[in-house]
Visitor: 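Got a structure for you, questions after.
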Amino acid sequence: MLIIGGGCAGLSTALRLQQLLRPQLRARRIELTIVEPQPYLTFQPLLAEVAAGSIDPRHVVVPLRTALPDCRVLTARVTGIDHATRTARVDAAPRGELRLPTEVPYDVLVMAPGSISRTAPVPGLADHGMGFATVGEAVALRNHVLEQLDLASSTRDPALRQAALTFVFVGAGYAGVGALAELEDMARTATKGFHNLGPEDLRWVLVEATDRILSEETPELATHTLAELRDRNIDIRLSTTLESAVDQVIALSDGSRFAARTLVWTAGIRPAPVLALTDLPLDHTGRITCLPTLRIADPDGTPLADAWAAGDCAAVPGQDGEPCAPNAQHALAQARLLAENLAADLAGQPLADYRPGGPACSTSLGLRRAVAHTSRGTRLTGRRAWWLHRARQLRRLPSRERRIRVLMDWLFGGLFPREVVSLGTIEHPRAEFESGFSSGGRGSGPGS
């Protein structure tokens, strides 16, 4: 069995298969291989709290080899899949130490490569924008925001100060709203350490192309979240797009122009590019067409033998016949069912259909603030929603050890104030060492 992708869907499928097929795996009657460019899973729903300093970055990543002792983990990227011949072509990741074969044969294929950020050809975006999909991006954004506060406090140039204190987020889904709210909360706390900065000096702008934020949520909850963010003096521009970011000057479709040294792009996702390198059937959005049993199927409904898919890459019909939204809630539930259906198929037993429950989404808006929607249709806000959000994410994190570590981070965070120091130098660890050579001087330390 070959699983493509080690994200929420891929890892959860492998974990469940380890439980269901442990005797066969340990007896080597079945071999389970997972291919993922990174040797770990990044639990993206907690990235906003990583950026705010509430969680240690290491605690939201799950090492695949540790979590999957009965599986073979290949740190590589897939360059093509020919399901007709049951062959996947892979290339070793840059930091991988294994000399991987160029072709990996398989009998059963599970596609779970997830999705990537959807970008747009906006002038200046590639030069000045930042993403928010990885641990590295979350840590870099935290360091960058704190560095802007230092810059604004130190400079005597009013234009530079204003640009440093202006933070623009494009995309008002769960990722964008959560990241902006957490960082705004952190930055407000950080200003207490500056003699010439206050929360009122910070300008936060949220740009959304549609006429509402949190499009996956109910209108009532989205409206409440909009009102709460505006109460915090966050400038929210609905039905507005980013036209340009050349020279760090933000130009919006509503005609406004202003300088900003921080531009974060969280405007949606698209299926992983690897899907275009396969002979699997795709729908008009680029996702793999699936049956409710999670078997890959042709557009006419004919299932492909020995091919399955789950998560953001899979167009799985929901109760209304429309594909399920690409989010963590569906990815985790589909992964569990896929593993159970795959084990049932091997045993010659009937398969079950995916029956999505009600929406159970949530996002944190800073310390002790959140919005949440329960599976029973209840809408929560404030502290109750914050506790539910944390409990929900802790339960979904696919590693008992990581759950304990994150819980300890939260407990210590309740006892001590947030750390609001920038560690931007860790992104360029050789800079100071290299400066010693560029200066032309000799050191005075040992060996000089």
Visitor: Is it possible for you to check whether R295 lies under 6.0 Å from the centre of the six-membered ring of W308, through NZ or CZ, and within 45° of that ring's axis?
Guide: yes
Visitor: Given 3.5 Å as the limit, does a donor-acceptor pair link the side chain of Q18 with the main chain of A14, or not?
Guide: no
Visitor: Spell out, as yes or no, whether a donor-acceptor pair under 3.5 Å connects the side chain of T79 to the backbone of R89.
Guide: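 Yes, because the side chain of T79 sits within donor-acceptor range (under 3.5 Å) of the backbone of R89.
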Visitor: Measuring from atom CZ of R384 to atom OG1 of T381, what distance do you get when rounded to the nearest 0.5 angstrom?
Guide: 7.5 Å
Visitor: How about L394 and L407: do any of their side-chain heavy atoms sit closer than 4.5 Å?
Guide: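 Side-chain contact under 4.5 Å: yes.
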Visitor: Donor-acceptor pair, Q349 side chain versus A344 backbone, under 3.5 Å?
Guide: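 Side chain of Q349 to backbone of A344: no pair is present.
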Visitor: Taking C-beta and beyond as the side chain, do V264 and L183 meet within less than 4.5 Å on heavy atoms?
Guide: no
Visitor: Could you please spell out the steps behind the salt bridge (Lys or Arg N to Asp or Glu O under 4.0 Å) verdict for R405 and D56?
Guide: CA-CA 9 Å; R405 290 181 181 273; D56 188 302; over 6 Å; no
Visitor: Got a second to check how far I3's CD1 is from M111's CE, nearest 0.5 Å?
Guide: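 One finds 11.5 Å between CD1 of I3 and CE of M111.
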Visitor: Quick one: are P323 and P317 in side-chain contact, heavy atoms under 4.5 Å?
Guide: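 No, side chains not in contact.
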Visitor: What are the two closest non-hydrogen atoms of L238 and T240, and how far apart are they?
Guide: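 Of all heavy-atom pairs spanning L238 and T240, the closest is O-OG1, 2.8 Å.
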Visitor: Can you measure from SG (C324) to CZ (R287) and round to the nearest 0.5 angstrom?
Guide: 7.5 Å
Visitor: State whether the number of non-hydrogen atoms from other residues, nucleotides or ligands found under 6.0 Å of W387 atom CH2 is greater than 12.
Guide: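 Counting neighbours around CH2 of W387, 12 or fewer heavy atoms of other residues, nucleotides or ligands fall under 6.0 Å, so no.
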Visitor: Checking side-chain polar atoms at under 3.5 Å, does E208 have a donor or acceptor matched by the opposite partner on T210?
Guide: yes
Visitor: Determine yes or no for a side-chain-to-main-chain donor-acceptor pair under 3.5 angstrom, with R212 supplying the side chain and L214 the backbone.
Guide: yes
Visitor: Does G311 offer a backbone N or O that forms a donor-acceptor pair with the side chain of Q334 under 3.5 Å?
Guide: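 Pair found, side chain donor or acceptor close to backbone of G311.
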Visitor: Do the charged groups of E49 and R390 touch, with an N to O distance under 4.0 Å?
Guide: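 The answer is yes: the pair qualifies as a salt bridge.
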Visitor: Donor-acceptor check, side chain of R118 to backbone of I269, threshold 3.5 angstrom: yes or no?
Guide: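 Yes: the side chain of R118 pairs with the backbone of I269.
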Visitor: Of all heavy-atom pairs between A245 and V122, which one has the smallest distance, and what is that distance?
Guide: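 Looking at all heavy atoms of both residues, the shortest contact is N-CG1, 4.4 Å.
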Visitor: Could you tell me if the side chain of D298 sits less than 4.5 Å from the side chain of T289, heavy atoms only?
Guide: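 Of all side-chain heavy-atom pairs linking D298 with T289, none is under 4.5 Å.
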Visitor: Do L15 and T13 touch side chain to side chain, with heavy atoms closer than 4.5 Å?
Guide: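 Side-chain contact under 4.5 Å: no.
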Visitor: Using side chain to side chain contact (heavy atoms under 4.5 Å, CB included), reason through W204 and E184 one step at a time and then give a plain yes or no.
Guide: CA-CA 8 Å; W204 298 84; E184 189 273 340; 3.5 Å; yes
Visitor: Are Q38 and T75 linked by a side-chain donor-acceptor pair shorter than 3.5 Å?
Guide: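 Judged by distance alone, the side chains do not pair up.
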Visitor: Among residues at least two apart in sequence or on other chains, which ones pass side chain to side chain donor-acceptor pair (under 3.5 Å) with R237?
Guide: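 With neighbours one apart ignored, the set is D235, D254, S256.
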Visitor: Yes or no on side chain to side chain contact (heavy atoms under 4.5 Å, CB included) for L242 and L263, after CA distance, side-chain angles and deciding distance?
Guide: CA-CA 10 Å; L242 175 68; L263 173 61; 4.0 Å; yes
Visitor: Whether the side chain of D283 engages the backbone of G286 through a donor-acceptor N/O pair (distance < 3.5 Å, no angle test) should be reported.
Guide: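 Answer holds: yes.
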Visitor: How far apart are the closest heavy atoms of L41 and G7, and which atoms are they?
Guide: CD1-C, 3.3 Å
Visitor: Check the pair I116, R270 against side chain to side chain contact (heavy atoms under 4.5 Å, CB included), reporting the backbone distance first and the verdict last.
Guide: CA-CA 6 Å; I116 63 172; R270 63 183 179 91; 3.2 Å; yes
Visitor: Any idea which heavy atoms bring H389 and S362 closest together, and the distance?
Guide: ND1-OG, 2.8 Å
Visitor: Look at the side chain of T189 and the backbone N and O of D185, then say whether any donor-acceptor pair between them is shorter than 3.5 Å.
Guide: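 Checking the backbone N and O of D185 against the side chain of T189, a donor-acceptor pair under 3.5 Å is found.
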Visitor: Taking atom CZ of R29 as the centre, does the number of heavy atoms from other residues, nucleotides or ligands within less than 6.0 Å exceed 12?
Guide: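 Correct, the count exceeds 12.
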Visitor: So which atom in A52 and which in E182 form the shortest heavy-atom distance, rounded to 0.1 Å?
Guide: CB-OE1, 3.4 Å
Visitor: Measure from the side-chain N and O atoms of R232 to the backbone N and O of L229, and report whether any donor-acceptor pair falls under 3.5 Å.
Guide: no
Visitor: So, does R396 use its side chain to make a donor-acceptor pair with the main chain of L332 at under 3.5 Å?
Guide: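 Between the backbone of L332 and the side chain of R396 there is no qualifying donor-acceptor contact (under 3.5 Å).
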Visitor: Does the side chain of F43 reach to within under 4.5 Å of the side chain of V406, using non-hydrogen atoms?
Guide: no
Visitor: What do you reckon, is CZ of R58 surrounded by more than 12 foreign heavy atoms closer than 6.0 Å?
Guide: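 At most 12 heavy atoms, drawn from other residues, nucleotides or ligands, come within 6.0 Å of this atom.
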Visitor: Determine the minimum heavy-atom distance between L17 and A339, stating which atoms define it.
Guide: CD2-O, 3.7 Å
Visitor: Measure up the Y354 and H330 rings against each other and bin them: parallel (under 30°), tilted (30 to 60°), perpendicular (over 60°).
Guide: perpendicular
Visitor: For H144 and F167, I'd like to know if the aromatic rings sit close, meaning centre-to-centre distance below 6.0 Å.
Guide: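 Between H144 and F167, the centre distance exceeds or equals 6.0 Å.
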Visitor: So if I apply the side chain to side chain contact (heavy atoms under 4.5 Å, CB included) rule between M1 and each of D107, L342, V110, which one comes out positive?
Guide: L342
Visitor: How far does CZ of R379 sit from OG1 of T225, to the nearest 0.5 angstrom?
Guide: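 Going from CZ on R379 over to OG1 on T225, the span is 11.0 Å.
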Visitor: Does the side chain of L109 come within less than 4.5 Å of I81's, by heavy atoms?
Guide: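 SC-SC contact between I81 and L109 confirmed.
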Visitor: Kindly compute the distance separating CD (E36) from OG1 (T42), expressed to the nearest 0.5 Å.
Guide: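 Between atom CD of E36 and atom OG1 of T42 there are 8.0 Å.
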Visitor: Using 0.5 Å steps for rounding, measure from the CD1 atom of I288 to the CG atom of L294.
Guide: 11.5 Å
Visitor: Walk me through whether E228 and L365 qualify under side chain to side chain contact (heavy atoms under 4.5 Å, CB included).
Guide: CA-CA 9 Å; E228 178 166 336; L365 300 179; 3.7 Å; yes
